[in-house]
Amino acid sequence: MAQINPSILSADFARLAEEAKAVEGADWLHVDVMDNHFVPNLTLGVPIVESLRRATETPLDCHLMIEDPDRWAPQYVEAGAGSVTFHAEAAAAPVRLAREIRAKGARASMALKPATPIEPYEDLLPELDMLLIMTVEPGFGGQPFLDVMLPKIRRTRELISKHGLELWLQVDGGVSATTIERCAEAGADVFVAGSAVYGAKDPADAVRTLRSMAERSTASAPWACGH
Ligand SMILES: O=C(CO)[C@H](O)[C@H](O)COP(=O)(O)O
Ligand SMILES: [Fe+2]
């Protein structure tokens, strides 16, 4: 089953509750937390996640683009996130952090920037509920999709199959109607889309269109048998 997670980064921040409601029917609401240190942009933090939690029924998928996630990630679980993603490049103790996120009741996820390979993390995969492969350099919405990430998506899907894991494989950055099929064919099953959803006239309809495109492509992928 393909999941579509609209990114609130592309919404109007002065109308967050309305914008969150506009995509109810999506699987998760993707919330990009940026600290102006790990990435050169500043967005939102724990209090806004708490408010978003009350504003929508859609579960929150928090993508932490911050330094020191070992210290901050647990606070996002307490704020109501159902899934918390920290960056491999920023975490001091990724296994301990993933275990802490899970113990607090959320799904634990780790993200890789475009230049970070998956291979050193193969043995960590059973500790995670989701692996996020960035398909742009993190920091901003609306950037073009990096096609050069497709082999990494394929190799990660192979590792997930090899170990028989239930891990979800998320892609984030430049995912749209023109790129989602390539991502799905390569092995992604969770798709973040910011500008492609909030830039559309009808965001809820954009979610449905993206989901059916991804599902058509995954259905024919060899790794999706019995998925
Ligand atoms: O993590 C992100 C950027 O760092 C965003 O989730 C991502 O860029 C979504 O926006 P778009 O779909 O417009 O690329
Ligand atoms: Fe993101």
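As the structure lists them, so they are numbered: ligands from 1, and atoms in each ligand from 1. We count residues from 1, following the sequence as given.
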Write the atom name of the N, O or S atom in Asp32 that is nearest the Fe ion (ligand 2).
-> OD1
Near [X], which atoms of ligand 1 are under 4.0 Å from a heavy atom of that residue?
| X | result |
| --- | --- |
| Asp32 | 1 (O), 2 (C), 5 (C), 6 (O) |
| His63 | 1 (O) |
| Ala193 | 12 (O) |
| Gly142 | 11 (P), 13 (O), 14 (O) |
| Val192 | 6 (O) |
| Pro138 | 4 (O) |
| His30 | 6 (O) |
| Ser195 | 11 (P), 12 (O), 13 (O) |

Nearest 0.5 Å, please: how far is [atom2] in [Y] from [atom1] in [X]?
| X | Y | atom1 | atom2 | answer |
| --- | --- | --- | --- | --- |
| His87 | His63 | NE2 | NE2 | 3.0 Å |
| Glu50 | Tyr76 | CD | OH | 10.0 Å |
| Met213 | Glu181 | CE | CD | 3.5 Å |
| Leu97 | Phe86 | CG | CZ | 4.5 Å |

Heavy-atom distance under 4.5 Å between the side chains of Gln170 and Trp28, does that happen here?
->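 No, every pair of side-chain atoms sits at 4.5 Å or beyond.
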Where does Ser7 meet ligand 1, judged by heavy-atom distances below 4.0 Å: at the side chain, the backbone, both, or neither?
->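 Side chain only.
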Tell me whether [X] has any N or O atom under 3.5 angstrom from an N or O of ligand 1.
| X | answer |
| --- | --- |
| Gly173 | no |
| Gln143 | no |
| Phe140 | yes |
| Gly139 | yes |

Provide the closest heavy-atom pair for Asn41 versus Met34 in the form atom of the first, atom of the second, distance.
-> O-CB, 3.2 Å
Option set Gly141, Gly174, Gly199, criterion heavy-atom distance to atom 14 (O) of ligand 1, minimum =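 Among Gly141, Gly174, Gly199, the closest heavy atom to atom 14 (O) of ligand 1 comes from Gly174.
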The option among Asp61, Val31, Asp172 carrying the non-hydrogen atom nearest to atom 9 (C) of ligand 1 is Asp172
Can you pull out the closest protein heavy atom to atom 12 (O) of ligand 1? Residue, atom name and distance to 0.1 Å, please.
->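 The answer is Gly194 N, 2.8 Å.
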Charged N to carboxylate O below 4.0 Å: is that the case for Asp189 and Arg157?
->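 Looking at Arg157 together with Asp189, the answer is yes, because their closest N to O distance falls below 4.0 Å.
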N/O donor-acceptor pair under 3.5 Å between [X] side chain and [Y] backbone:
| X | Y | result |
| --- | --- | --- |
| Asp70 | Ala92 | yes |
| Gln143 | Glu137 | yes |
| Thr135 | Asp172 | yes |

Do Asp32 and Ser7 have side-chain atoms, one donor and one acceptor, less than 3.5 Å apart?
-> yes
Criterion side-chain contact (heavy atoms from CB on, under 4.5 Å) on Leu159 and Leu125, from CA distance to verdict = CA-CA 9 Å; Leu159 292 177; Leu125 296 180; 4.1 Å; yes
Metal-centred angle, OD2 of Asp172 through the Fe ion (ligand 2) to ND1 of His63, rounded to 10 degrees |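 Vertex the Fe ion (ligand 2), arms to OD2 of Asp172 and ND1 of His63: 90°.
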Looking at ligand 1, does Ala196 have a heavy atom less than 4.0 Å from it?
->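 Ala196 does not count as a contact of ligand 1 under the 4.0 Å cut-off.
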